[in-house]
**Q** 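One structure coming up, written as C-alpha cells, with questions to follow.
Letters go in sequence order (proteins before strands), and every chain restarts at 1. Remember, it's a predicted structure, so these values are computed and weren't measured experimentally.
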4 protein chains.
Amino acid sequence: MEQPVDHRRGPRRRGEVLFNAIVEATLAELAEVGYAGLTMDGVAQRARTSKASLYRRWPTRQDLVAAAIQHTARTTEPIPDTGGLRTDLLAALDLVVQRLTSPVGEAVRGILTDTLRDPELTRELRESMVSGRNRLLTQVLRQAAERGEIRAETITPRVAAAGPALVLHHFLTQGPPMPVELRAQIVDEVLLPLAGLPRVQ
Amino acid sequence: MEQPVDHRRGPRRRGEVLFNAIVEATLAELAEVGYAGLTMDGVAQRARTSKASLYRRWPTRQDLVAAAIQHTARTTEPIPDTGGLRTDLLAALDLVVQRLTSPVGEAVRGILTDTLRDPELTRELRESMVSGRNRLLTQVLRQAAERGEIRAETITPRVAAAGPALVLHHFLTQGPPMPVELRAQIVDEVLLPLAGLPRVQ
Amino acid sequence: MEQPVDHRRGPRRRGEVLFNAIVEATLAELAEVGYAGLTMDGVAQRARTSKASLYRRWPTRQDLVAAAIQHTARTTEPIPDTGGLRTDLLAALDLVVQRLTSPVGEAVRGILTDTLRDPELTRELRESMVSGRNRLLTQVLRQAAERGEIRAETITPRVAAAGPALVLHHFLTQGPPMPVELRAQIVDEVLLPLAGLPRVQ
Amino acid sequence: MEQPVDHRRGPRRRGEVLFNAIVEATLAELAEVGYAGLTMDGVAQRARTSKASLYRRWPTRQDLVAAAIQHTARTTEPIPDTGGLRTDLLAALDLVVQRLTSPVGEAVRGILTDTLRDPELTRELRESMVSGRNRLLTQVLRQAAERGEIRAETITPRVAAAGPALVLHHFLTQGPPMPVELRAQIVDEVLLPLAGLPRVQ
DNA sequence: CCTTAATCGAGACGGTACGTCGTGTCTTTAT
DNA sequence: ATAAAGACACGACGTACCGTCTCGATTAAGG
C-alpha cells in the first residue's frame, strides 16, 4: 500500500504521533480481519512499528482495542433534534447502528466478552461505550419532555438503555446488517410505549 | 477428579459415549478457564481423547462450544406459573440469569463475537440461545393474557425479546453478578409497562 | 533456492529423517553465518521445519550445535600411517586443521565458551572433540614406538594433547588460515623433541 | 551495592572518570553473568550511564570487553625469578591460570570465538593477551639460559607459546578449576623437555 | 561571566530472536 | 474403520536486547 519506510533511522515517530498511527492501524486491522483475527504482530506491522512500542502502551490486546474505541469516541455526535420524539429516536438509534457497523462496532462486539474477567477494564470501557449512548437517548427524551410530548417521570436509566440494548442484542445474535424496519419496530413497540405514548401500528 | 484411565489400550470409547465425554469436558473447561482460555488441547486432554477425535466431529472451536451449549439446552426448564404476571416475569428472568451465570453462560457470551463472521453458525446458535428465551417469555405473557391480566395484542416478538436482551446487556457491560433489584427494575419499568400495565413505583 | 513446500500437509518428515535434515541445516547455517550468527529461527527456516521440532530435541542452541558436531564425528578418519613419525604427525595435524576449518570447526570454536558454564555439556562435548584427537595422536605415536623410532615412555596424555592444543590455540588467537609452515614448526620444534628425537632445523 | 545516584542532575561524569566506571562495570558484569550473559543494557545500567555513552566509545560488545581486558592488562606482573627454571615456569603458569580464573579470564575465553570473524579486532586482542604471556615465558627461559641451565637455541616462539596454550586448552575443554598437579605435568612433561632438560618423573 | 558547543542521562524507537503455546493436519499403533 | 497418542509445520505470543534516535540537563571552554 505504501512504500516501506524504515523508521529505524531518520524521522522516528514518538509520543502522540506514534500513538495515533497505532490506533489507526488497529482500526484498519479490525475492519480487515475482525476482532478475532486481530494480532499484535499484525497491528505492529501495519503501523510500521514494533511490538515493544505496543506493549509499552497497552499490556494486552484488549487494552489496545479499548484505546482504539475510545479514540473514535472523542468525536461527539450532535444530539438529533428533528422536532418530534419518534424521528429523534429513529435518528438516535441510527447513530448507534452506524457506530456498531463501523470498525469500532467490530471492536465493541469483540471486546464485550473478552474483558468480562477483568472488572477494571470492563468498567473503563462501559464509560466510553454505554454512557455515551445513554446520554444520547436521555437527551432525546428530555427534549420531548420539554416539548410536552411525554411526562418527565417516564425517563429512567432503564428506559434510556432499552433502545441501544435491543440494537446491540440484534447485532450480537443476528449480526449485521440491521434492517431498517427493525429499528422502527423498536421505536414503535418498545420505546414510545415506555415513554407513555400510545402504540403506533 | 477421576482416576486416569488410558483409553489407548482397554475399553476404548466411541460413538455417543465419547461424544458426551467430550461435551462434558468442554463444559468443565469453560467453567475453569473460561471461553477465552478454552483450547482444543485442553479439552482433549481433560476428556482423555485425542484432538483428532475432536476435529472429526467439530471443525472449529466454535462448533465444539456450540455443541456443548446445545447439549445443555435439551433439559427444558418448566415455564414459571406463579399465578401473576409480575412474579412470572421475575422467575423467567431469573432463569435467564441462572443460565448466563453457569458455564454455559460463559460459552454463550464468549461465542457471540467469534461467530458473527460465520452466518451459518450464527443462525444455528440463535435457535438454541435466543428462541428458547423468547419462547419462555412469550409463554409467560400468554398465560397472563389468558388470565385476563393483559391484552394479547401487546405480545410481540420485540417485547418478548426485551427482557432477556436487557439482562444480557447488563452482563456484557457490567459483568456478573446481577443485582436482584435490577431484575425488578427491568420488570417494573420496562416489561410491565410494555404489557400495558401501569407502572409500579 | 528450493520451492517452498508446505510440510503441513503431505509427506511429513519424522524421526531420523527430520533429525538429519535439521543437523545438516545447522551445519549449513554455521558455514554461512558462523556460530555467533546462528539462530534457531534460521535453522528451522532452512530445514523447513518448526522451532518446536528443534526445541523438542534440543533444549538449547548449544545442544543443537553439539549434536551437529557429534553427527560429523561419526565418520572416523583413518589413522595416518606413512611409515615415518614426522610425516604421520604432519598428516595427523592436517586432519585437525581440516576439521577446524570446516563448518564443524566454526561450531567447535564457537561452543567452547558458551558451554563452560554447563559442566554436563562440557564433558559430553569433550568426548567427541578432544578424545578423538587424542586417540589420533596417541595412535600415531604408538606406531612410531612399534617401529622403534621412539621410546614408549615418552607417550603421555600431555604430549598427545600438545599438538592439537597448539593448533587450536593458533586458530583461536590468529584465526584461519593456518600456514603450512606453522604445522611443520609444531612438529619439528615441539612434538618430535617431546618424543625424544633430535630437533630438525 | 551502592546507593542509587541519579547522574542526570548533579555531578555528571565524563571523560576518563566515566570511562573507568564503565570498564569496571563491565568486569563486574563478566564476573556475575559471564561473557555470554553480558549485555550493553546491563553494563550501562550497572555503570549508571546510558547506552549512547557506551556506543560512543565502543561500537560493539566485543570492543567493550576488549577494552576491559586491556584495562586490566596494564598492571604488569613482575617476572618470576626464583633462581631455578622449574619453579620459575610453575610460577609463570600460575600467573596465567590466575588471569584465566579472574573475570578477565571469562572475558578472554568468551571473546576468543566471537572475534574470529573480525581480523582487525583479533589482531588487536592478540597483543594484549598472547604477547604478554609469550613475553613472560620467553623471559623466564632467557633467565635460565643466562644461568646456564639451558641452551639459548631452545628458546623459540613456539616453545614459549606451548605452556600457556596448554593451560588455555585445559580451561576451554575442561573448564575451571585447574588442578595443581596438571600445572606440574605441563612443566615436567612438556616445557622442561622442550628446553632440553631431562624429564622429571 | 556568559555564551556556546560538547557530552551526558534517560529512555523511546524499529527491529530481530527468543522460548512457549495453540492450531489443524498427519502418522503410527492398537483396538 | 476408528480411537488414542503425539509429532509436525505454522504462526502468534510476550520478553529481551540490539543499535539508533531524540530530548533535556549539565558541563567545559572560549570570548
**Q** Taking atom C1' of E:dC13 as reference, at what distance in whole Å does atom CZ of A:Arg12 sit?
**A** 4 Å

**Q** Could you check how far CD of D:Glu16 sits from P of E:dT7, rounded to whole Å?
**A** 16 Å

**Q** Distance check needed: F:dC17 C1' versus A:Tyr55 OH, whole Å only.
**A** 17 Å

**Q** F:dC13 P sits how many Å from A:Gln62 CD, rounded?
**A** 11 Å

**Q** Check DNA chain F against residues 36-44 of chain C and give the residues with a non-hydrogen atom under 4.0 Å, in numerical order.
**A** none

**Q** Using heavy-atom distances to pick each residue's nearest nucleotide on DNA chain E, tell me which of A:Arg57 and B:Thr60 is more 5'.
**A** A:Arg57

**Q** More 5' along DNA chain F: D:Arg61 or C:Ser50, using each one's nearest nucleotide?
**A** C:Ser50

**Q** Quick one: does C:Glu106's side chain have a donor or acceptor within less than 3.5 Å of a partner on C:Tyr35's backbone?
**A** yes

**Q** Residues in side chain to side chain contact (heavy atoms under 4.5 Å, CB included) with B:Ala66, at least two apart?
**A** B:Ile111, B:Leu121, B:Leu125

**Q** Out of curiosity, D:Arg13 CZ to D:Asn20 CG, how far, rounded to the nearest 0.5 Å?
**A** 10.5 Å

**Q** Taking CZ from D:Arg46 and C1' from E:dG9, how many angstroms apart are they, rounded to a whole number?
**A** 19 Å

**Q** Bend angle of the helix from E:dC1-F:dG31 to E:dT31-F:dA1 from five-pair axes at both ends, rounded to 10°?
**A** 10°

**Q** Could you check how far CZ of A:Arg48 sits from P of E:dT16, rounded to whole Å?
**A** 12 Å

**Q** Partners of C:Phe19 by ring pair (Phe, Tyr, Trp, His ring centres under 6.0 Å), sequence neighbours excluded?
**A** C:Trp58

**Q** Check whether any side-chain N or O of A:Thr49 sits under 4.0 Å from OP1 or OP2 of E:dG14, and answer yes or no.
**A** yes

**Q** Would you give the length of the straight line joining atom OG1 of A:Thr26 to atom NE2 of A:His71, rounded to the nearest 0.5 angstrom?
**A** 10.5 Å

**Q** Of the options E:dT23, F:dT20, E:dG11, whose atoms approach the side-chain atoms of B:Lys51 most closely?
**A** E:dT23

**Q** Can you list the residues that meet the side chain to side chain contact (heavy atoms under 4.5 Å, CB included) rule with C:Thr60, with sequence neighbours excluded?
**A** C:Gln62, C:Asp63

**Q** Minimum heavy-atom separation for D:Ala25 and D:Val43, please, with both atom names.
**A** CB-O, 4.0 Å

**Q** When rounded to the nearest 0.5 angstrom, what is the spacing between CG in C:Leu27 and CZ in C:Arg46?
**A** 10.0 Å

**Q** Using only side-chain N and O atoms of A:Arg13, determine if any of them is under 4.0 Å from OP1 or OP2 of E:dG14.
**A** yes

**Q** From the set E:dG19, E:dG15, F:dG19, return the single nucleotide nearest to any side-chain atom of A:Ala52.
**A** E:dG15

**Q** What's C:Ser53 touching, base or sugar-phosphate or nothing? Going by heavy atoms closer than 4.0 Å.
**A** sugar-phosphate

**Q** If I take atom CZ in residue A:Arg14 and atom P in nucleotide E:dG11, what distance separates them, rounded to the nearest angstrom?
**A** 12 Å

**Q** Between the main-chain N or O of A:Ala21 and the side-chain N or O of A:Arg48, is there a donor-acceptor pair closer than 3.5 Å?
**A** no

**Q** NA contact type, A:Arg56, heavy-atom cut-off 4.0 Å: base, sugar-phosphate, or nothing?
**A** base

**Q** Who are the side chain to side chain contact (heavy atoms under 4.5 Å, CB included) partners of C:Gln70, not counting sequence neighbours?
**A** C:Glu124, C:Ser128

**Q** In whole Å, what is the span from the CG atom of D:Leu64 to the C1' atom of F:dG19?
**A** 14 Å

**Q** Side chain of C:Leu18: nearest nucleotide among F:dA4, E:dG11, F:dC8?
**A** F:dC8

